[in-house]
Amino acid sequence: MSMANDDNTPSLSQMSSNIFGDLLDSIIVDVSSECHRIARLGLDRNLEEEEEELRLSTQARARVADPSNNGETNTKSVVDIFGQTPPAVASEIFECMNCGRSTVAGRFAPHLEKCMGKVRKARLKATRSSTASQNRYSRESPVSTYSPYSSSNRIANGGTPVSGEDYRDGSFEEL
Amino acid sequence: MRGSINRPPTPDTEEDREQELSLQEIINIKMIESGELERLKELLRERLIECGWRDEMKSICRAFVRKKGRNNVNVDDLIQVMAPKGRGEWFFVVSPFSRGLTPSIPDSVKAELLHQIQTFLKSAIP
């Protein structure tokens with residue numbers, strides 16, 4: 001669509017293209033100068049891949065060496081540096097806090113289903129109200145450690161921690 | 001043409017060129033004053049971010065910086081390298097920095113901008 005009488009006056013589409021080109025050029029300059037600035041000021045943390053790998057490996061080593069971290073916690077919630085996820089079945093053996101049996105961690109949940117049922121009926125008469133409130137709280141709290149003792153302290157649902165209920169709180173957390 | 005017979009002829013091209021510039025200049029001024037230029041630029045910038053063009057450009061920049069060394073990068077050199085890439089002039093893009101990567105501008109983005117520019121031009125040209 002040309003509105004020109006001679007060759008010197010550009011057509012409408014030509015003018016549009018020129019203007020578009022100018023807009024694009026100015027944006028290119030913006031991007032370039034920003035990248036230049038980042039490069040010169042060293043603001044790009046990932047610029048050197050070797051530096052990045054070094055940083056990540058230092059972090060990973062710190063995490064592994066940290067004694068306060070529970071080893072199971074790390075392998076359960078974090079992908080390790082090789083990109084592997086921990087084995088599907090947790091093989092650690094410990095004591096069920098409810099019935100006292102030694103249980104494999106991976107089979108703990110089904111065990112609890114049976115285990116809890118028997119204990120609950122026995123205690124239901126005496127502790128009905130506190131059970132309801134504790135179930136509510138335990139569902140909302142985040143899973144973090146296996147240790148039933150620390151979790152029961154944290155949840156401290158007003159009232160005397162009767163041993164059975166507190167252990168239950170910890171258990172539900174882990175589920 | 002106000003030339004008289006006694007006067008040496010004034011070259012025509014100069015006047016024509018001036019008129020041509022005036023038209024474009026008039027358009028330019030109108031665009032800037034109405035804020036249309038800025039609006040179009042922001043629109044284009046936003047579209048280019050959305051389609052990933054900007055990220056690709058930054059990635060090429062980083063490759064360039066990595067090759068050259070952080071402190072050896074000159075902004076003019078960088079622009080010289082980035083401009084053909086950004087425009088999608090792929091035949092110039094045989095560079096060691098980012099062989100496979102040519103940030104492309106989606107046709108829809110280009111069409112949208114051109115359409116808006118043309119709309120403005122039509123209203124601005126007497």
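Just so we're on the same page: letters track the sequence lines, and every chain starts at 1.
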Partner of A:Glu34 under salt bridge (Lys or Arg N to Asp or Glu O under 4.0 Å), chosen from B:Arg54, B:Arg62, B:Arg45: B:Arg54
Structural part of B:Asn28 lying under 4.5 Å from a heavy atom of chain A: neither
B:Leu48 portion near chain A, given a 4.5 angstrom heavy-atom threshold: side chain
Region of A:Asp30 that comes under 4.5 Å of a non-hydrogen atom in chain B: side chain
Option that, when pairs with chain B are counted at under 4.5 Å, heavy atom only, ranks first among A:Val29, A:Asp22, A:Asp25: A:Asp25
Side-chain touch A:Leu56/A:Ile81, heavy atoms, less than 4.5 angstrom: no
Polar side-chain atom of A:His36 near backbone of B:Val73 as donor-acceptor pair, under 3.5 Å: yes
B:Gln80, CD atom: more than 12 neighbouring heavy atoms under 6.0 Å: no
Side-chain ion pair, B:Glu112 and B:Arg47, N-O less than 4.0 Å: yes
Residue, of B:Leu37, B:Leu44, B:Ile27, that accumulates the most heavy atom pairs under 4.5 Å with chain A: B:Leu44
